[in-house]
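Each chain gets a letter, A, B and so on, in the order its sequence line appears, and its residues count up from 1.
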Protein chains: 2
Amino acid sequence: MMFSKACEYGIRAAVYIALQSLDGRRVSVTEIAEEIDSPIAFTAKILQQLTRNNIVNSVKGPTGGFEIDREEMDNVKLNMIVKAIDGDKIYKGCGLGLKECDAQKPCPLHDKFVDIRTDLSRMLKSTSLFELATGLEIGMTFLKR
Amino acid sequence: MMFSKACEYGIRAAVYIALQSLDGRRVSVTEIAEEIDSPIAFTAKILQQLTRNNIVNSVKGPTGGFEIDREEMDNVKLNMIVKAIDGDKIYKGCGLGLKECDAQKPCPLHDKFVDIRTDLSRMLKSTSLFELATGLEIGMTFLKR
DNA sequence: TTAAAAAAGGATAAAATTGTCCTTTATTAA
DNA sequence: TTAATAAAGGACAATTTTATCCTTTTTTAA
């Protein structure tokens, strides 16, 4: 609706990893894909991007898997994940697809979009993985179906 | 960013048609594509959808083209165009891609998205083609580049 | 030191979206 | 009535996104 499929999987995966890391558990791609109901290999690709962007930590070999440090859960905000996967078109792009669209030369929807985008942006910048993981932990929210 | 390319072109085309209809001019696909800087044949397809959904009126043959009745410009709101082209996933779909995501079984972002989506939905439902066309007419806004 | 486990990465494939081309249908004006 | 004009529609092509498969690299524990 707003994010690419890759980004949706990425956020869900990150939240799941955070949740398990709270219990000190590392998780494999297979487990993640199972738990967030996503295609395994595709999810693996997305996790590579998150790893390269230092959003999650990966460890190879037996007992390896993905994890997120407790402090990183506070530092990592949703906008970082979105940016790592979808780039910054959500923030920059014109709602009607104009190449240049700004206050100087606005598309007909420019002003109306500014408000909505500002809200979205603020929300993404202020929502941490920790916050989302704890919502899951207490059974208030879900990552599947 | 939020709409498909098809939908972006559709909105721009509709606004341009409305603008010209204010002067009593019918416009051809070729002119529309030129003026909104979009691929001709693809734009033609999109205009077919708008025509089938009674958002614009089409007339075949010489002197034919696309037009919008003055009263229709008030009646047609952006949400109607978006629905005709992108369907209602903008309104219904879960931000994280869950098949069922509602107050009963929300994804971790559900509540945060509700507000943003409500604003977006309200904006689309309350913005008429006439409003957008007049902004263009007085040179306040643009459809190209 | 070796077998097994797990992520990384490369090469494709499938599906969806975007875009083009060409023929058909309708309509108008000469 | 006919030639020209314009939308409608069908078939296909290109691109992007989503998804799969298989090999390589790293690491652990036995």
- request: Scan residues 7-22 of chain A for pairs that pass salt bridge (charged side-chain N to carboxylate O under 4.0 Å, His left out), counting only residues two or more places apart or in two chains.
  value: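 Non-adjacent pairs meeting salt bridge (charged side-chain N to carboxylate O under 4.0 Å, His left out): A:Lys5-A:Glu8.
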
message: Could you tell me the boundaries of the chain A footprint on DNA chain C, defined by atoms under 4.0 Å from its heavy atoms?
response: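 Counting from the 5' end, contacts occupy C:dA4 to C:dA11.
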
message: Please find the pair of heavy atoms, one from A:Gly10 and one from A:Ile81, that lie closest to each other, and give the distance.
response: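 Closest heavy-atom pair between A:Gly10 and A:Ile81: C-CG2, 4.3 Å.
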
query: Can you name the closest pair of heavy atoms from B:Ile36 and B:Lys144 and give their distance?
result: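 Distance-wise, the nearest heavy atoms are C-CG, 4.2 Å.
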
Residues A:Met80, A:Asn75; criterion side-chain contact (heavy atoms from CB on, under 4.5 Å); working and verdict: CA-CA 10 Å; A:Met80 298 164 69; A:Asn75 296 339; 5.9 Å; no

Throw together a table of side-chain donor-acceptor distances under 3.5 angstrom for residues 56-70 of chain B, partners on residues two or more places apart or in other chains.
unit_1  : atom_1 : unit_2  : atom_2 : d
B:Glu67 : OE1    : B:Arg26 : NE     : 3.0
B:Arg70 : NH1    : B:Asp74 : OD2    : 3.0

- prompt: Would A:Glu72 and A:Val76 satisfy side-chain contact (heavy atoms from CB on, under 4.5 Å), going step by step from the backbone distance to the final call?
  reply: CA-CA 6 Å; A:Glu72 281 300 282; A:Val76 174; 4.0 Å; yes

message: Which residues in residues 13-22 of chain A have a heavy atom closer than 4.0 Å to any atom of DNA chain D?
response: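 Here the set is empty: none.
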
- prompt: For DNA chain D, which residues in residues 81-90 of chain A have a heavy atom at a distance below 4.0 Å?
  reply: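 Residues of residues 81-90 of chain A under 4.0 Å from DNA chain D: none.
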
Listed pairs, N/O of protein and of nucleotides 12-15 of chain D, under 3.5 Å:
none

Distance, rounded to the nearest Å, where B:Lys5 contributes NZ and D:dT16 contributes P: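 It works out to 12 Å between those atoms.
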
- prompt: Which whole-number value in Å describes the distance from A:Phe3 CZ to D:dT18 C1'?
  reply: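 Value for this atom pair: 18 Å.
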
Residues two or more places apart in sequence or in another chain: which of them pass side-chain contact (heavy atoms from CB on, under 4.5 Å) with [X]?
X	answer
A:Lys89	A:Asp86
A:Glu31	A:Tyr16, A:Gln20, A:Arg25, A:Val27, A:Ser28, A:Glu35
B:Asp119	A:Ile116, A:Asp119, B:Arg122

List every contact pair, protein side and nucleotides 6-11 of chain D side both N or O, where the distance is under 3.5 Å.
unit_1 : atom_1 : unit_2  : atom_2 : d
D:dA6  : O4'    : B:Gly61 : O      : 3.2
D:dA7  : OP1    : B:Val29 : N      : 3.1
D:dA7  : O3'    : B:Ser58 : OG     : 3.2
D:dA8  : OP1    : B:Ser58 : OG     : 2.8
D:dG9  : N7     : B:Gln48 : NE2    : 3.2
D:dG10 : N7     : B:Lys45 : NZ     : 3.0
D:dG10 : O6     : B:Lys45 : NZ     : 2.4

task: Decide side-chain contact (heavy atoms from CB on, under 4.5 Å) for B:Met73 and B:Leu132; before the verdict, give the C-alpha distance in whole Å, the side-chain angles of both, and the deciding distance to 0.1 Å.
output: CA-CA 9 Å; B:Met73 286 183 216; B:Leu132 298 181; over 6 Å; no

- request: Step by step, work out the side-chain contact (heavy atoms from CB on, under 4.5 Å) result for B:Leu120 and B:Leu124.
  value: CA-CA 6 Å; B:Leu120 175 62; B:Leu124 295 176; 4.1 Å; yes

Could you give the side-chain donor-acceptor pairs of residues 98-114 of chain B under 3.5 Å, partners two or more places apart or in another chain?
unit_1   : atom_1 : unit_2   : atom_2 : d
B:Lys99  : NZ     : A:Asp37  : OD2    : 3.2
B:Asp102 : OD1    : B:Gln104 : N      : 3.0
B:Asp102 : OD1    : B:Lys105 : N      : 2.9
B:Lys112 : NZ     : A:Thr127 : OG1    : 3.3
B:Lys112 : NZ     : A:Glu131 : OE2    : 2.9

- prompt: Quick one: does NZ or CZ of A:Lys125 land under 6.0 Å from the six-membered ring centre of A:Tyr91, within 45 degrees of the ring axis?
  reply: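 Here A:Lys125 passes the 6.0 Å and 45° test against A:Tyr91.
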
Please list, one pair per line, the donor and acceptor atoms closer than 3.5 Å that link side chains of residues 40-49 of chain A to other protein atoms, with sequence neighbours excluded.
unit_1  : atom_1 : unit_2  : atom_2 : d
A:Thr43 : OG1    : A:Ser38 : OG     : 2.6
A:Thr43 : OG1    : A:Pro39 : O      : 2.6
A:Gln48 : OE1    : A:Arg52 : NH2    : 3.2

query: Can you tell me if NZ on A:Lys77 sees more than 12 non-hydrogen neighbours from other groups inside 6.0 Å?
result: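 Yes, enclosed.
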
